[in-house]
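Read the structure below first, then the notes.
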Amino acid sequence: MPADAVPFLRLREVEIHHADLGAGYSWADWPMDTARQFLRDDGDRWRSEGFHVEATDARYSWTFGYAAARGPGTHTVTGPIRALAWWATGRDPGSVLSSSEGTLPSLEGR
C-alpha cells in the first residue's frame, strides 16, 4: 500500500467506527466531502455485478463494479450522499435509499 493512502484509511476508520458507537455522532454528521470520498473508494473496490449510485442531495454519481452503461433498465441506487456512503460500508441506512430494482444490493461482508 502506498504511504499516501494511510491518512485516508485512518480517516475512514475513525469516521465509520465513531458512527458505529452511536454516542451522539452518526453517518449523518459526516462532512459531505468525506462521504463522497468513501463512495468513490468503495465504488472503485467493488468487484461484482455492477450498478450505479446517484446522490439526490449533490451532483455526484458513481459506478460500482461492472455496470452497464446508464440508461433505461440500469440498476441504480439513489439517496442522500451520507446515507449512500453509510450503506456502501455494509451498514443499514434505514429507508432513505431507493433502488430501481426494488431492493438494494447487499454490500455487507465485502
Inset, instruction - Could you please spell out the steps behind the side chain to side chain contact (heavy atoms under 4.5 Å, CB included) verdict for Val77 and Phe51? - result: CA-CA 8 Å; Val77 176; Phe51 53 90; 4.3 Å; yes
Inset, instruction - Could you tell me whether a side-chain N or O of Trp62 sits under 3.5 Å from a main-chain N or O of Asp41, the two making a donor and an acceptor? - result: no
Inset, instruction - Indicate yes or no for a side-chain donor-acceptor contact from Arg59 to the backbone of Thr56 under 3.5 Å, with no hydrogens or angles considered. - result: no
Inset, instruction - Apply salt bridge (Lys or Arg N to Asp or Glu O under 4.0 Å) to the pair Arg82 and Asp29, showing each step before the final yes or no. - result: CA-CA 8 Å; Arg82 291 171 182 93; Asp29 297 309; over 6 Å; no
Could you check if a side-chain atom of [X] sits within less than 4.5 angstrom of a side-chain atom of [Y], using non-hydrogen atoms only?
{"X": "Pro105", "Y": "Trp87", "result": "yes"}
{"X": "Pro80", "Y": "Leu97", "result": "yes"}
{"X": "Ile16", "Y": "Phe38", "result": "yes"}
{"X": "Glu13", "Y": "His17", "result": "yes"}

Looking only at heavy atoms, which two atoms of [X] and [Y] are closest? And how far apart?
{"X": "Asp57", "Y": "Gly79", "value": "OD1-O, 4.3 Å"}
{"X": "Thr78", "Y": "Leu84", "value": "C-CD2, 4.1 Å"}
{"X": "Ser106", "Y": "Trp46", "value": "O-CH2, 3.7 Å"}
{"X": "Pro93", "Y": "Ala83", "value": "CB-O, 3.7 Å"}
{"X": "Tyr60", "Y": "Ile81", "value": "CD1-CD1, 4.0 Å"}
{"X": "Tyr25", "Y": "Pro31", "value": "OH-CD, 4.4 Å"}

Legend entry - Residues in side-chain contact (heavy atoms from CB on, under 4.5 Å) contact with Leu11, at least two apart in sequence or another chain: Glu15, Thr34, Gln37
Legend entry - Partner set under side-chain contact (heavy atoms from CB on, under 4.5 Å) for Asp92, not counting sequence neighbours: none
Inset, instruction - Please step through side chain to side chain contact (heavy atoms under 4.5 Å, CB included) for the pair Met32 and Arg36, ending with a clear verdict. - result: CA-CA 6 Å; Met32 179 90 60; Arg36 183 187 57 78; 5.6 Å; no
Inset, instruction - Show your reasoning for whether side chain to side chain donor-acceptor pair (under 3.5 Å) applies to Thr63 and His52. - result: CA-CA 5 Å; Thr63 298; His52 297 288; 3.1 Å; yes
Legend entry - CZ-CZ distance between Arg10 and Arg12, expressed to the nearest 0.5 angstrom: 12.0 Å
Inset, instruction - Start with the C-alpha gap between Trp30 and Trp86, add the side-chain angles, then the distance that decides, and say whether ring pair (Phe, Tyr, Trp, His ring centres under 6.0 Å) holds. - result: CA-CA 10 Å; Trp30 288 347; Trp86 183 245; 5.7 Å; yes
Inset, instruction - Answer yes if the side chains of Ser99 and His75 hold a donor-acceptor pair under 3.5 Å, and no otherwise. - result: yes
